[in-house]
Amino acid sequence: MLLAPTNLDRLTARRKQLLTWMHSLGGGVAIVPTAPERTRNRDNHHSYRHDSDFYYLTGFSEAHAWLVLVAGEVDQSILFCEGKNPEIEIWNGVRWGPEAAAEHFAFDLTHDVKDLDTVIPQLLVGQRNLFSTLSRSAQPDLLKLLQSWLTTAQRNVRDTRALPHQWLDLSDMLAEMRLVKDASELATMRAAAAISAQGHVRAMQAARPGCHEYELEAELLYHFRKHGAQSVAYDSIVAAGANACVLHHRAGNAVMHEGDLVLIDAGCELDGYASDITRTFPANGKFSGPQRALYDIVLAAQQAAYDKTSPLHHFNAGHDAAVQVLTQGLLDEGLLQGSLAQAIETAAYRPFYMHRTGHWLGMDVHDVGSYRSPPASTEERPWRQLQAGMVLTIEPGLYVRPAPEVAEKFWNIGIRIEDDAVVTETGCELITRGVPVAADEIEELMRAR
Ligand code: GLY
Ligand code: MN
Ligand code: MN
């Protein structure tokens with residue numbers, strides 16, 4: 001992937017911010033691996049996805065790479081990556097190699113990854129702290145490798161006081177940095193959101209009674225790849241009829257019948273950033289009365305959560321608002337009895353709404369970042385105040401499984417409506433509204449099939 005110089009500036013600024021933070025703790029060496037390759041079967045691998053923390057700091061998407069930052073007398077930003085190898089490149093494609101990577105990604109130094117075991121122990125000498133993505137890295141050997149590099153360094157120096165005595169986790173600091181997106185990240189997320197929204201339009205237009213879930217999954221995938229997205233951000237959920245009540249139902253063989261609702265929760269990943277959209281629509285293009293009643297409740301709950309998604313509110317305000325609207329709707333439809341206050345107090349709505357109303361979105365679909373205010377304390381921490389540049393989903397739902405105490409007309413209705421919101425100075429902007437959400441607009445789109 002080619003990086004524009006402005007993006008390079010952002011990468012170096014992120015590394016600098018991390019180095020400044022490391023200095024504030026006494027300096028040291030930070031070691032950040034990318035993700036390992038994973039075997040699918042025999043010598044066949046899953047398609048490769050870099051580690052998000054590593055990519056955030058490097059922009060480098062090849063496997064077998066490590067970032068080392070030295071916050072010392074002279075700060076250094078060092079990449080270890082695979083060396084050039086014409087024979088292997090015939091099979092697996094062109095690699096950057098250390099020399100080209102140094103210039104292209106603005107590293108002070110680069111090495112062949114084969115040299116990790118000799119170079120890292122040397123870099124540890126004279127440093128106070130050893131930083132790494134200890135609590136989050138997918139690299140299974142990280143702790144073993146850090147230990148072995150320290151052991152080698154100990155063998156090489158007379159005075160082991162000259163070696164790091166503290167291991168510190170980078171993960172929380174990186175999560176804080178990643179939580180607020182910069183302009184180039186937001187531009188990528190908008191582009192991903194637009195592709196995904198159009199993919200949902202395409203799937204809605206392709207839906208008919210008799211269609212299989214996997215056929216709509218294929219429409220989504222076709223659209224995502226056709227428009228340059230590298231992959232899905234998560235396995236697409238396409239759920240017909242009763243399957244919509246299974247929150248993470250993977251698109252399968254089920255057929256959508258006349259009278260069924262279809263729930264699609266799908267989003268593409270573009271240049272390392274996720275999008276995450278859910279729409280629910282009738283297979284035949286026309287909501288039934290009970291479907292429409294519940295649909296409009298979920299949409300009103302989403303609007304209520306949207307209204308609380310602003311820097312004036314904390315992360316959970318949207319969830320509280322959605323729960324109020326959903327619970328009142330369940331009472332109005334006779335799915336719950338009693339008062340609103342009591343139904344919320346006793347969580348009587350939970351059999352119908354058992355998940356939260358949103359999550360951070362970014363490089364990871366459930367992105368990093370604490371939902372509570374920093375710093376940590378032993379008492380329960382308050383919910384985090386929203387801030388311009390944060391991105392989160394707003395995704396209320398209602399799921400009605402067959403049960404004797406539930407009116408049959410509602411059985412097997414599963415509805416979720418999910419959009420991606422960028423928090424702005426004054427509120428938030430939904431970046432996924434390229435696909436209709438009002439029931440009338442969905443019906444109109446489907447009439448035009
Ligand atoms: N697609 C997963 C989620 O909505 O959280
Ligand atoms: Mn989501
Ligand atoms: Mn989703």
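In listed order, ligands and their atoms are each counted from 1.
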When you measure from the Mn ion (ligand 2) to the N, O or S atoms of His366, does any of those distances fall below 2.8 Å? no
Is there a salt bridge (Lys or Arg N to Asp or Glu O under 4.0 Å) between Arg136 and Asp172? Walk through the geometry before answering. CA-CA 9 Å; Arg136 204 159 58 223; Asp172 287 353; 5.2 Å; no
Cationic N near anionic O, under 4.0 Å, Asp367 to Lys181: yes
Would you say His248 and ligand 1 have an N/O pair spaced under 3.5 Å apart? no
Under 4.0 Å from any heavy atom of Tyr234, which atoms of ligand 1 are there? 1 (N)
Are there over 12 heavy-atom neighbours, none belonging to Tyr222, within less than 6.0 Å of that residue's OH? no
How about Asn41: does its CG atom have over 12 heavy atoms from other parts shown lying under 6.0 Å from it? yes
Using non-hydrogen atoms of the residue, decide whether Val365 is closer than 4.0 angstrom to ligand 1. no
Check whether the ring centres of Tyr399 and His355 lie less than 6.0 Å apart, and answer yes or no. yes
Which atom name would you report as the N, O or S atom of Asp276 nearest the Mn ion (ligand 2)? OD2
Ligand 1 to Glu418, heavy atom cutoff 4.0 Å, flagged ligand atoms 4 (O)
Can the positive tip of Arg15 be found less than 6.0 Å from the middle of the six-membered ring of Phe107, inside 45° of the ring normal? yes
Could you tell me the residue and atom name of the protein heavy atom closest to atom 3 (C) of ligand 1, and the distance to it rounded to 0.1 Å? Asp276 OD2, 3.4 Å
Find, among atoms of Glu395 that are N, O or S, the one nearest to the Mn ion (ligand 2), and state its name. OE2
In degrees, rounded to 10 degrees, what angle do Glu418 atom OE1 and Asp265 atom OD1 make at the Mn ion (ligand 3)? 100°
May I ask you to identify the nearest protein heavy atom to atom 5 (O) of ligand 1, giving residue, atom name and distance to one decimal place in Å? His366 NE2, 2.7 Å
Could you tell me whether a side-chain N or O of Gln302 sits under 3.5 Å from a main-chain N or O of Ile394, the two making a donor and an acceptor? yes
N/O separation below 3.5 Å, Arg416 to ligand 1: no
Is the number of heavy atoms from other residues, nucleotides or ligands within 6.0 Å of CZ (Arg449) greater than 12? yes
